[in-house]
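Chain naming here is simple, since letters A, B, ... match the order of the sequence lines and numbering starts at 1 in each.
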Amino acid sequence: MARNHLYLVDGSSYIFRAYHRLPPLTNPQGVPVGAVYGYTAMLWKLADGLDKAEGPTHLAVILDHSSQSFRNSLYDQYKANRPEPPEDLRPQFPLIRDATRAFSLPCIEMEGYEADDLIASYTVAAQAAGWDVTIVSSDKDLMQLVTPDPKGDEPHVDMLDTMKNVRMGREAVFEKFGVGPELVGDVLALMGDSVDNVPGVRGVGPKTATKLIQEYGSLEAALAGAETMKPSKLRDNLIEHADMARLSRQLVELHRECPLPQPLEELRLDGIPTEPLRDFLLLHGFKSMAARIGGDAPAPAAGAGPNRAAAMGGGVLGEAWQPKGNGSTAPAAPALPEHPAIDRSRYETVTTLDALDRWIAEARAIGHVAIDTETDSLDAITGGLVGVSLSTAPGNGCYIPLGHGGHDLLSEKPEQLPMDVTLARLKPLFADDAVLKIGHNLKYDMAVLAQHGLTITPLDDTLLLSFALDAGQHGHGLDELAKLHLEHQCIAFKEVCGTGKSQISFAEVPLDRATEYAAEDAEVALRLWMLLRHRLWQEGGTKVYEMVDRPLVAAVTAMERRGILVDRETLSRLSGTFSQDMARLEAAIHAEAGGPFTIGSPKQLGEVLFDKLGLKGGRKGKSGDWSTDQSELERLERDGVPIARMILEWRQVAKLKSTYSDALQDQINRVTGRVHTSYSLVGAQTGRLSSTDPNLQNIPIRSETGRQIREAFVAAPGNVLIAADYSQIELRLAAHMADVPQLKAAFAEGADIHSLTAEELFGEVTRDTRAKAKTVNFAILYGISRYGLASRMEISNDEAQAIISRYFERFPGISDYMQRTLEGARERGYTETLFGRKTWFPRINSKNQGERQGAERAAINAPIQGTSADIIKRAMVRMDGALADAGLSSVRMLLQVHDELVFEAPEGLVDAAIPVIRRVMSHAAEPAVTLSVPLDVEVGTGANWGAAH
DNA sequence: GCGGGAGGC
DNA sequence: AGTAAGGCCTCCCGCC
């Protein structure tokens, strides 16, 4: 018999978060109900988990009765400077009680006590009765209640963040505070809380507070130890504000012995009467939820898009709360309110400070704002800011021109606000924790604004939202999404600025036209955000978005801005050598061919080789031309055709020269003197990053000639480059995900994985069998076929098939994994990484064999490649903080190459940096995922990138 | 603007 | 019945 499990819902804090995270819905009476909707859906989800292992047997909602509590008598400033809740949130407070009553759930509040104290008291009482407790909240104060050290069968207390759908136990508390729950109060007392106006100690934030408590073991010990600390500002502050710290400790202490207004047993959850609930849902227009109760509720509107499938799930609630088979019964949302069509004539051009302030106030009042920046070039690192557009709701938008005109002596500079004054006013808004900034590819806007000292936080990015939901389904450009989701055609950039030679800078666009274009982008981003946020929340996928991609924006922006130093001299010397090599080879090739032709033209080359010279065995591609690819030329070379080798060499040198030694010189930024690549966070369907302008993820390394290019990537004077890469990460993940005991054991022991495979496949380990085994291992990751392996290994299809069969026999987990993955992809249409990142495969059930097989191979590869991408991204998100915590802020992460991170560090700090880098990377999967294989990280250092390997 | 070819993981 | 037959990318070039 499972024991009782009490869920305590922190209703007051939930509604604030729901308000900021959900679209501003209104009910048929025009009352805003976005937060109420979120709250209702959350209750639904919780009550729906009734029969599940971790689900509630008892449940109560706890609310703040009033803002007065014993804390006010301790400290009259407590919560004194809390801002008033936003206008459209206030009417939603009483509705929270209505919603709770509609579910016939107990709603507990008490004069003079805050919700936190009631929650603490119920938690303690339930624990004493031997119950488990889950606190539904993300309030950091409540983390003090999490059971410090769950042993065996003792009842436990954890927290559940329903918005992010994550449970937080002791580990999560550690991750956040660096100490166990029992010391959280001490940390909180030191750091203070500006929202609640808990004073703390001046100059002590979360980092220092954690460090002090870790070092001294408690607040009192830290205060006592201050006297013996070495003289510093911190020491002075600790001594001077010791009383404030002690007062703060009392303020954050939870009152655990409040009288319980309702006894524990009365909180039992055993069925929800449907009548009052349906009435409530219909009253507020939550139609699809109402429809799922059954009865005479009207069916959701036809064509409700993504909501429809969920709405047709039907009947869950009416049938005594049986959870559905797969357990993930996110309630369907009400149809989003119809917004008026986009009307560009309503946009405002902001040219006065009064108007600017009005927009800023509007953004603060509503709690979110969509932003977009316009520049005079695509280069975000040094491009000039031309204007900023804002939108706070469907139907509005403005453009603030800042850098128009002045480039053309004939045209006058239009009337506009001064840039410095405007940015000074926008700066606090863009950094305001209470105002969510929405945009499409905010990494670009962040880079542009960073030039002026502005930061953007917190943020939501519609590009990343779309990617989290629909990777593999379609592109994620703003215009494409507007067409797809809003049925709206955006003004194209080229309609405003033209193309080619006659293209003008955005700074030259007349203000009326610029306003239409720029404000439209902001409004479209805002409307998309409403839709996509909502879908993400319904369809799942928030975890990877919240924990990985969203925090990555700032990390990647910082890397791009840092850039990497490239030595022009080295490159131009290489270009010279390559020119000579090419001229020499060209002469020899022409002599051999009996006349000049364009070697770089595969068409001409094919004709020369197979028609003119009459070489045998060529094959033709679908264009009807002879194939002249590497394998074809290598075949000719083996047949003793000397021109083949020369052509191969010519191609290699030509590639290196045009793509790297020549092109990279042009990419050195005039202003910074460094090369700043641009990373796309949505460039690869699997979740990998991609790099462009220039692509720094394909700098040569395999050939000796190519490797010389790497030597041009150098550390700044006094610094060293550190290259850290995951060893065999994809094979390790395959071993874990497919659960292959031999492979896992080999990785655990640090054995050579290709040798092990060679032993298993061929019975002996030689240079030759090891090389073959390596090829097979990689082919497996890419979704093997006997044909592919045969051509790669230059053996017959039958031989290739025999090797594959033997591989599957030796490692049965691999073929099971492939089958499972494919079945999942066929049924659901997508695959998932260990962290829950989805990739869609719309062609997985195609009737076209080629398409289908291609999708199958991709589907086998995606979870492995994608999990690897998730892991290195998690490492990147944590890296700067970890380095800073270790006092290594001057160690800078510069590049990511899929399984490698490159850093630049002052010479004296290299030895200190390496263990930090290694630790962050090798533990990056944790705590979300515990791998059954170690993640080894190989680290090299050097004056240049070539030497660091 | 496409496709072949080649650089990386 | 026979074909084509390794995953994820970006960049350059010739050619249309």
So, does A/Arg651 get its side chain near the phosphate of B/dG4, meaning an N or O under 4.0 Å from OP1 or OP2? no

Give a yes/no on whether any side-chain N or O of A/Arg688 is located under 4.0 angstrom from OP1 or OP2 of C/dC8. no

Heavy atoms under 4.0 Å, any strand shown: does [X] hit a base, just sugar-phosphate, or nothing?
X        : answer
A/Ile701 : sugar-phosphate
A/Ile699 : sugar-phosphate
A/Ser868 : nothing
A/Gln853 : nothing

The single option from A/Lys772, A/Arg638, A/Arg635 passing salt bridge (Lys or Arg N to Asp or Glu O under 4.0 Å) against A/Glu794: A/Arg638

Given the C1' atoms of B/dG7 and C/dG2, what is the spacing between them in whole Å? 35 Å

For C/dT3 versus B/dA6, give the span between their C1' atoms, rounded off to a whole number of Å. 26 Å

Among C/dG7, B/dC9, C/dA5, find the nucleotide with the atom closest to the side chain of A/Ala858. C/dG7

Nearest to the side chain of A/Arg857, which nucleotide is it out of C/dG7, B/dG7, B/dG8? C/dG7

Under 3.5 Å, is there a donor on one side chain and an acceptor on the other for A/Gln665 and A/Ser661? no

Just checking, is any N or O donor in the side chain of A/Ser796 or A/Asp798 under 3.5 Å from an acceptor N or O on the other one? no

Let me have a per-nucleotide readout for nucleotides 9-16 of chain C, 5' to 3', with B, S or -, counting only protein heavy atoms under 4.0 Å. SBBSSSS-

Taken in chain and number order and not counting sequence neighbours, the residues that satisfy side chain to side chain contact (heavy atoms under 4.5 Å, CB included) with A/Tyr830 are A/Arg828, A/Glu832, A/Lys838, A/Trp840

Non-neighbouring partners of A/Arg857 that pass side chain to side chain contact (heavy atoms under 4.5 Å, CB included), sequence neighbours left out: A/Gln853

Determine the interplanar angle of the A/Trp945 and A/Phe713 rings, folded into 0 to 90°, and report it as parallel if under 30°, tilted if 30 to 60°, perpendicular if over 60°. perpendicular

Using the six-membered ring wherever Trp is involved, compare the ring planes of A/Tyr807 and A/Phe811 and label them parallel, tilted or perpendicular (cut-offs 30° and 60°). perpendicular

What pairs meet the salt bridge (Lys or Arg N to Asp or Glu O under 4.0 Å) rule with one or both residues in residues 725-740 of chain A, with sequence neighbours excluded? A/Arg688-A/Glu730, A/Arg732-A/Asp936, A/Asp739-A/Lys744

From A/Tyr545 OH over to A/Leu465 CG, what is the distance, rounded to the nearest 0.5 angstrom? 4.0 Å

Within residues 818-843 of chain A, the residues having a heavy atom closer than 4.0 Å to DNA chain C are none

Nearest-Å distance for atom pair CE/C1', residues A/Met793 and C/dA5: 16 Å

Among residues 895-902 of chain A, which residues get a heavy atom nearer than 4.0 Å to DNA chain B? A/Val897, A/His898, A/Asp899

